[in-house]
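Throughout, protein chains are lettered first and strands after them, A, B, ... in sequence-line order, and every chain is numbered starting at 1.
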Amino acid sequence: MKQEIPKTFDPKAWETKLYNQWEDSGSFTPKIDPKQRPYTIIMPPPNANDQLHIGHALFVTLEDIMVRYHRMKGEPTLWLPGADHAGIASQVFFEKILKKEENKTRYDLGREKFVERLREFAVNKRVAMEGQLRRLGASCDWTRNKFTLDPDVSAAVYHTFKKMYDDGLIYRGERIINWCPRCATGLSDLEVEHQEVEGRLTYIKYPLSDGSGFIIVATTRPETMLGDTAVAVNPDDKRYKKLVGQRVKLPLTDREIPIVADKAVDKEFGTGAVKITPAHDPTDFEIGERHQLPVMVVIGQDYKMTDAAGDYAGLKINAARDKVLADLREQGLIEKQVEYRHSVGHCVRCKTMVEPLVSKQWFVKIAPLAAPAIAAVKTGQIKFIPDRFEKTYLNWMENIRDWNISRQLWWGHRIPVWFCKNQTGLISNIQSSMSSGERENFVVSQNRPAKCPFCKKCEMVQEEDTLDTWFSSGLWPFTTLGWPNNTPDFKYFYPTTVMETGWDIIFFWVARMIMLGIYCTGEVPFELVYMNGLVRDKEGNKISKSKGNVIDPIAMVDKYGADALRMGLVAGTAAGNDTTMSEDKVRAYRNFANKIWNAARFIQQRVSGLAGQPQRGPSGQASQKLTGMSLNDRDKIVLADFNKITQDIVRMMDKYQLGQAGELLYDYFWHTFCDKLIEEYKTQLTGERAEAATAVLGHILKNSLRLLHPFVPFVTEAVWQTLYEKEGLLLTQELPA
RNA sequence: GGGCGAUUAGCUCAGUUGGUUAGAGCGUUCGGUUCACAUCCGAAAGGUCACUGGUUCGAGUCCAGUAUCGCCCACCA
């Protein structure tokens with residue numbers, strides 16, 4: 001009596017059941033075996049503020065394929081899941097919700113309440129996300145699940161901050177930084193994106209102090225002239241050579257400022273003379289440093305002119321600009337104005353125009369960290385797939401600048417620094433030169449020091465700022481394994497094997513992990529960086545909510561099954577290349593899942609004894625069975641072909657050509673095995689050829705399921721359990737040799 | 001101003017170290033109703049592999065240059 005098997009594969013009937021079975025069996029949790037080399041992937045932790053999108057589905061699928069493949073090779077395999085608190089992203093996201101639903105700001109709630117609410121929010125998002133990862137079939141080890149704000153991870157973050165401070169790698173400095181007025185925080189250079197905007201270049205006459213004439217400067221931001229502390233020209237510019245060292249009267253003020261020569265000035269631009277406002281322009285800040293110019297702040301963090309702006313104090317930037325222009329015009333000091341397109345920095349999160357400001361921030365001195373991180377890639381200790389990204393990485397690393405790690409946010413790791421209340425020095429006089437060597441009374445410590453070492457009596461107050469999210473992310477490959485404690489996990493699984501992530505975060509994340517990994521542990525954090533591309537829509541557009549072309553991966557799973565989505569995401573794609581996604585594609589691979597199901601269904605119905613003759617264990621036994629059989633020449637060719645395909649697949653998988661392996665499997669299974677071989681052999685399933693024909697088809701089916709399993713885990717497992725019930729879970733089976 | 005990538009069938013894209021008639025999905029046309037699967041099968045149309053030159057017995061694949069498009073980095077006020 002044959003059991004009735006449905007005509008189509010029904011993912012809904014199988015997926016949840018199979019996933020629970022896998023998870024409950026403990027198959028995702030590796031056993032530490034010192035005799036064997038582990039295979040480890042730390043999952044890039046998704047932001048705990050939203051649902052999974054199609055890009056997550058891509059990386060989850062790629063990593064799951066790698067992990068399932070290596071698990072089937074018999075390696076102790078760890079795929080460690082987690083979530084990121086995503087400082088600025090989550091805070092901005094949650095503030096929007098707060099505004100919309102309760103019409104409140106973070107200040108209305110206060111820091112403590114705000115963080116508590118956001119934590120609650122993040123927990124809920126995490127739980128939902130973990131459910132979605134399961135829907136995709138992610139075979140990660142949930143017993144080791146981590147969150148960046150977990151107490152042990154946080155402790156490791158504070159530990160690292162202190163270690164770096166003690167090693168002189170962290171300093172607090174008054175620097176010009178990118179300030180986002182909307183988020184009210186400083187940003188790193190990477191969090192700023194430049195966009196072209198229409199502007200106007202204003203040529204202003206600055207009278208020479210000796211009354212001999214004018215020097216004309218061009219600027220897009222006339223209002224900042226109130227904070228000018230010099231005019232600069234190129235040292236090789238003949239026009240201005242004799243003016244260097246002279247002074248000019250700064251219009252609208254009673255100040256006189258010098259003319260200096262600096263190579264950063266472009267002779268060709270404007271008049272070749274440039275006003276220098278160290279407090280409000282990064283280039284000017286650097287020129288100012290070279291010439292020891294004072295830094296004069298005329299724009300505050302509230303986007304208004306400061307008291308130092310004299311008559312203009314309190315005006316918003318645009319109003320100040322209008323008034324400055326009007327006043328200059330009245331005095332006849334405007335030479336001309338021309339339309340001018342130039343690029344201006346915007347906050348990568350909220351798209352608000354950033355304002356360069358001088359403020360006190362914490363920085364990581366990057367050069368000592370970058371050097372070994374460059375070497376690690378140059379010597380091949382760390383390899384990139386595809387390797388062209390090594391150039392991108394090196395190009396950036398060789399020009400890297402100090403890293404601003406403080407954020408004026410509430411959501412994140414609060415900087416473990418404590419100030420003496422009686423000599424706080426929190427707000428220093430920013431008009432003074434920053435390199436005055438001022439000393440501040442603070443202690444670096446995770447917990448509040450029992451006694452203030454400075455005044456001996458105050459309760460110390462903690463730094464208000466939090467750390468850049470990427471600081472804790474940079475430690476992720478080892479804080480997840482228990483570092484700085486020498487735990488069994490850390491000892492065994494570190495350094496990890498593969499870091500699989502998007503090329504868009506090479507600088508944000510990959511570079512920082514390499515630098516901090518080597519610094520903290522003395523070893524590279526991973527051997528291989530696999531870069532996945534962006535998922536684009538059918539027309540190749542970037543996917544975004546505003547374009548309305550989002551593809552919800554879970555909706556695709558609901559409609560076509562996880563196997564179909566997975567196969568649609570990876571088949572025929574190459575590392576580092578963007579990939580397109582469409583419902584058509586998913587539908588096509590749903591048909592493939594069904595094809596697998598039906599091939600098995602046919603064999604189960606037509607072939608007697610297959611299910612009752614388990615070819616258990618190492619694949620060698622399957623071949624032994626075949627060798628004992630009277631195979632004809634055609635059988636031998638068919639089996640040799642399959643053997644060749646198997647070797648090709650294994651070779652591709654080992655080289656991380658996952659998309660190609662998937663495509664080859666698809667093509668072989670459907671168009672060779674189903675269309676040709678089953679059709680050919682189905683007439684031989686009775687009579688004297690029955691035994692051999694059965695064995696050949698059975699062998700290929702069974703081993704195809706093994707090879708296919710990393711790509712389409714659900715349908716292969718469903719078939720496996722239907723046909724070979726007694727043999728256990730497919731994901732713990734060995735691959736064909 | 002530097003760096004990187006793309007250009008292959010109507011559309012979206014693969015093509016591993018150079019090797020026989022260049023592939024897939026979707027779409028198009030024609031033919032198949034029992035015999036695993038119409039979420040299927042068989043067949044067909046459709047490509048000077050952007051252009052030019054070079055290396056080679058042999059180039060979609062390697063080299064140089066050109067064109068178009070795209071991306072990243074950078075302090076041009």
Side-chain angles (χ1 to χ4, degrees), chain A residues 5-9 176 189-190 193-194 199 201-203 217-222 224-225 231-232 262 264-277 280-287 340 342-343 345 356 386 388-392 394-396 398-401 503-504 506-507 533-534 536-540 542 560-561 564 567-568 571-574 576-607 648 651-652 655-657 659-664 666-667 670-671 674-675 678-679 682-683:
Chain A
I5 299 177
K7 284 176 88 166
T8 54
F9 173 63
I176 191 153
D189 293 342
L190 283 175
E193 60 185 16
H194 290 263
L201 199 54
T202 304
Y203 289 71
V217 298
T219 180
T220 53
R221 302 205 48 194
T224 63
M225 67 165 286
V231 169
D262 194 283
V265 179
D266 181 354
K267 285 189 286 187
E268 308 303 320
F269 188 89
T271 60
V274 60
K275 60 192 268 316
I276 301 300
T277 322
H280 300 292
D281 182 276
T283 309
D284 292 4
F285 185 85
E286 287 180 13
I287 293 175
Y340 180 63
H342 64 303
S343 81
R388 67 182 133 90
F389 285 107
E390 289 175 11
K391 284 186 218 160
T392 309
L394 290 172
N395 191 39
W396 189 71
E398 280 160 4
N399 298 295
I400 195 169
R401 307 167 73 132
W503 49 257
D504 51 332
I506 289 182
F507 307 139
L534 252 43
R536 297 173 177 275
D537 72 6
K538 207 175 177 177
E539 277 77 44
K542 252 186 174 168
Y560 300 107
M567 206 61 186
T573 67
N577 287 4
D578 291 350
T579 177
T580 57
M581 195 59 208
S582 65
E583 193 163 338
D584 282 348
K585 217 166 162 181
V586 181
R587 194 184 302 118
Y589 287 109
R590 183 269 317 266
N591 296 353
F592 178 55
N594 197 56
K595 191 74 184 174
I596 297 170
W597 178 255
N598 270 293
R601 174 166 169 261
F602 169 74
I603 287 174
Q604 209 258 1
Q605 286 173 347
R606 288 290 302 278
V607 171
D648 287 347
R651 186 171 43 79
M652 287 174 180
K655 289 168 75 175
Y656 289 89
Q657 296 169 337
Q660 279 178 74
E663 203 168 37
L664 179 59
Y666 171 94
D667 190 59
W670 194 320
H671 300 298
C674 293
D675 292 352
I678 291 182
E679 293 302 318
K682 65 165 60 160
T683 60

Watson-Crick/G-U partner (both atom distances under 3.5 Å) of [N]:
N	answer
B:G42	B:C30
B:C35	none
B:A67	B:U7
B:U56	none
B:C75	none
B:U16	none
B:A22	none

Remember a base hit wins even if backbone is also touched, and classify [X] as base, sugar-phosphate or nothing at under 4.0 Å, heavy atoms.
X	result
A:Lys275	nothing
A:Phe592	nothing
A:Tyr203	nothing
A:Thr8	base
A:Asp675	sugar-phosphate
A:Arg590	base

Length of the [atom1]-[atom2] vector between [X] and [N], whole Å:
X	N	atom1	atom2	answer
A:Ile603	B:A36	CD1	C1'	9 Å
A:Asn395	B:C71	CG	P	18 Å
A:Lys7	B:C37	NZ	P	5 Å
A:Asp578	B:U12	CG	P	14 Å
A:Glu286	B:C75	CD	P	8 Å
A:Glu679	B:C41	CD	C1'	8 Å
A:Ile506	B:G5	CD1	P	12 Å
A:Asn591	B:C41	CG	C1'	14 Å

Is any side-chain heavy atom of [Y] closer than 4.5 Å to one of [X]?
X	Y	value
A:Phe602	A:Cys674	no
A:Met581	A:Val586	yes
A:Gln660	A:Asp648	no

With [atom1] as the reference atom in both, quote the distance from [N] to [M] in angstrom, rounded to an integer.
N	M	atom1	result
B:U16	B:C37	C1'	33 Å
B:U17	B:G31	P	44 Å
B:U21	B:G25	P	23 Å
B:C63	B:U29	C1'	43 Å
B:C62	B:C49	P	15 Å
B:G1	B:U66	P	15 Å
B:U7	B:G54	P	24 Å
B:G23	B:A14	C1'	8 Å

Taking only side-chain nitrogens and oxygens of [X], does any of them come within less than 4.0 Å of OP1 or OP2 of [N]?
X	N	result
A:Tyr589	B:U39	no
A:Asn577	B:A14	yes
A:Arg401	B:A74	no
A:Trp670	B:C41	yes

Between the base of B:C37 and the side chain of A:Lys595, is there a donor-acceptor distance below 3.5 Å?
->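 In this structure, the two groups form a donor-acceptor pair.
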Would you say the base of B:U39 and the side-chain of A:Arg587 have a donor-acceptor pair closer than 3.5 Å?
->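 By the distance-only test, no, there is no pair.
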Given [options], identify the nucleotide with an atom nearest to the side chain of [X].
X	options	answer
A:Lys682	B:C40, B:A36, B:C75	B:A36
A:Ala588	B:C71, B:C26, B:A77	B:C26
A:Asn598	B:A14, B:C37, B:U39	B:C37
A:Gln660	B:G15, B:C75, B:A38	B:G15
A:Asp266	B:U39, B:A77, B:U12	B:A77
A:Arg601	B:A36, B:A77, B:C75	B:A36
A:Asn594	B:C37, B:C75, B:A24	B:C37
A:Ala574	B:C26, B:G15, B:A36	B:G15
A:His671	B:C37, B:A77, B:G25	B:G25
A:Val265	B:A77, B:A38, B:A14	B:A77

5' priority, RNA chain B, between A:Lys391 and A:Cys674 [closest heavy atom] =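 The answer here is A:Lys391.
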With nearest nucleotides of RNA chain B determined for A:Arg651 and A:Leu190 from heavy-atom distances, which residue corresponds to the more 5′ nucleotide?
->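 Looking at RNA chain B, the more 5' nearest nucleotide goes with A:Arg651.
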A:Gly662 versus A:Met567, closest heavy-atom pair with distance |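 Smallest interatomic distance, heavy atoms only, reads O-CE, 3.3 Å.
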Atom of A:Arg221, atom of A:His280 and distance for their closest heavy-atom approach =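 Looks like NH1-O, 4.4 Å.
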In Å, rounded to the nearest 0.5 Å, how long is the span from [atom1] of [X] to [atom2] of [Y]?
X	Y	atom1	atom2	value
A:Arg401	A:Leu190	CZ	CG	11.5 Å
A:Ile603	A:Ile678	CD1	CD1	4.5 Å
A:Thr283	A:Ile276	OG1	CD1	8.5 Å

A:Tyr340 and A:Phe269 aromatic centres sub-6.0 Å |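 Ring centroids of A:Tyr340 and A:Phe269 are less than 6.0 Å from each other.
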Determine whether the aromatic ring centres of A:Tyr666 and A:Tyr589 lie less than 6.0 Å apart.
->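 Under 6.0 Å, so yes.
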